[in-house]
There are 2 protein chains.
Amino acid sequence: MHRNPDPRGTRAHEETHGHPVDGDAVESRARSYAVSKGVPFTPMRQSVLALLAASGKPMSAYEIAEKVSDARKLKAVQVYRALEFLQEAGCVHRLASRSAYFACDHLHGEGETVVFMVCAQCGAVQEAASELVARGLRGAAKTTGFRPRHPMIEVEGECAECAGTPER
Amino acid sequence: MHRNPDPRGTRAHEETHGHPVDGDAVESRARSYAVSKGVPFTPMRQSVLALLAASGKPMSAYEIAEKVSDARKLKAVQVYRALEFLQEAGCVHRLASRSAYFACDHLHGEGETVVFMVCAQCGAVQEAASELVARGLRGAAKTTGFRPRHPMIEVEGECAECAGTPER
DNA sequence: ATTGTGTTGTTACAACATTACACCCAGGAT
DNA sequence: ATCCTGGGTGTAATGTTGTAACAACACAAT
Ligand SMILES: [Zn+2]
Ligand SMILES: [Zn+2]
Ligand SMILES: [Zn+2]
Ligand SMILES: [Zn+2]
């Protein structure tokens, strides 16, 4: 299996500083989920997850289809099927603001309110759970009698690295 | 994309309780913006905005193209151009979770953090600004040195009316 | 009149996502 | 062994969302 390639060093700073996601950990979570559902963790699912974990940055489904190492060129629909499983398993999230998918090695609690912070420069995503945000949402909902079920919070901005690099 | 049954709703009960948006108020805001930018508030822009305000609920660009009363059938690209203007004017928001657009008659302050609450049943959207959410986001960002610029917060759930009406 | 700026009409295309169906294959029941 | 069944896979077709490019037009300023 692959250890994550290590960062720091080689590449020019576009390709590099996305991420990092522990590929083994996230894969084992996916396997557990597969077992719990009585379905197989197939090579298809494995390769898509491995690619996302290795890249550490959001990729579109078509980009995944092109780059899966697996020799065979995947059709979009196959990628979407794998992504569906991986999202259910909690190993992959979808970024609505970019129609892109990325691997996640956090273990999110049931009602946890998670914030995705997406760097406009390099595309890297950081996640943070925030109870304060959750309270804010509950408060906002209460004023109108709205029953919140599934929040989606994506913040565009600049990651620490890119903010430190004056850009251009 | 999520194919909820009936995402943007054409079903029986919704001509009623989606919304309401004050069409005149929102149009006059659009006109002011147009003046301030030295560009015209054209019939094209007017019809798109009027349709969204009247409907009071999010519609896809293609749905707008079909339904604009203006006799002429609009092409998607024309709708997108109108929407671009209207979004800049602050009269229309885009709902990323549904790829849909809706009219807004609030006057949002510059740094205001707005929460969109989208009813999964009827598709209606309510907005609320929350300083508590804003603080939560700043807190989440600080832990990683992220510089937040443009938050996008969309909560799926049930509006008060639909929650009171268990289903049909 | 000429130029400049911005809108419109139109075509074409790119990017994202789903439906449908045939096939395969492993596990369990007959 | 044979059949049935439930998921996964391969493939094609299509649906949905969004842009690029360009010619034609309107209007205002010079
Ligand atoms: Zn996560
Ligand atoms: Zn960055
Ligand atoms: Zn608004
Ligand atoms: Zn509702």
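Model, not experiment: these values are computed from the prediction. Numbers restart at 1 for each chain; the letters A, B, ... are given by sequence-line order, proteins then strands.
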Between [atom2] of [N] and [atom1] of [X], the distance in whole Å:
X	N	atom1	atom2	value
A:Glu66	C:dC16	CD	P	10 Å
B:Glu84	C:dT7	CD	P	9 Å
A:Met59	C:dC16	CE	P	12 Å
A:Lys75	D:dT9	NZ	C1'	13 Å
A:Glu63	C:dC16	CD	P	8 Å
B:Lys73	C:dT11	NZ	P	16 Å
A:Phe85	D:dT9	CZ	P	10 Å

Using heavy atoms and a sub-4.0 Å distance, could you list which residues of residues 32-47 of chain B are near DNA chain C? By number, please.
B:Val39, B:Pro40, B:Thr42, B:Met44, B:Arg45
Partners meeting side-chain contact (heavy atoms from CB on, under 4.5 Å) with [X] (sequence neighbours left out):
X	answer
B:Ala141	A:Met117, B:Phe146, B:Pro148
B:Arg147	A:Glu158, A:Ala163, B:Arg149
B:Thr42	B:Pro40, B:Met44, B:Arg45
B:Gln87	B:Leu83, B:Val92, B:Arg94, B:Tyr101

What's the shortest heavy-atom distance between A:Cys162 and A:Gln121, and which atoms?
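Answer, listing the atom of A:Cys162 first, then A:Gln121: SG-CB, 3.6 Å.
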Which atom pair, heavy atoms only, marks the closest approach of A:Leu74 to A:Ala65?
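The pair with the smallest heavy-atom distance is O-CB, 3.4 Å.
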So what does B:Tyr101 hit on the nucleic acid, given a heavy-atom distance under 4.0 Å: a base, only sugar-phosphate, or nothing?
sugar-phosphate
For A:Phe41, give me all partners under ring-ring contact (aromatic ring centres under 6.0 Å, His included), at least two apart in sequence or on another chain.
none
Taking only residues two or more places apart in sequence, or in another chain, which ones meet A:His108 in a ring-ring contact (aromatic ring centres under 6.0 Å, His included)?
A:His93, A:His106
Counting only side-chain nitrogens and oxygens, does A:Gln78 get under 4.0 Å of the OP1 or OP2 atom of D:dT9?
no
Does B:Ser99 have a side-chain nitrogen or oxygen under 4.0 Å from the phosphate oxygens OP1 or OP2 of D:dG18?
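So the side chain of B:Ser99 is within the cut-off, an N or O lying under 4.0 Å from OP1 or OP2 of D:dG18.
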Residues clustered with A:Met152, ILVMFWY side-chain links under 4.5 angstrom:
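Besides A:Met152, the cluster holds B:Met152.
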Produce the list of close N/O pairs, under 3.5 Å, pairing protein atoms with atoms of nucleotides 19-26 of chain D; give distances to one decimal.
none

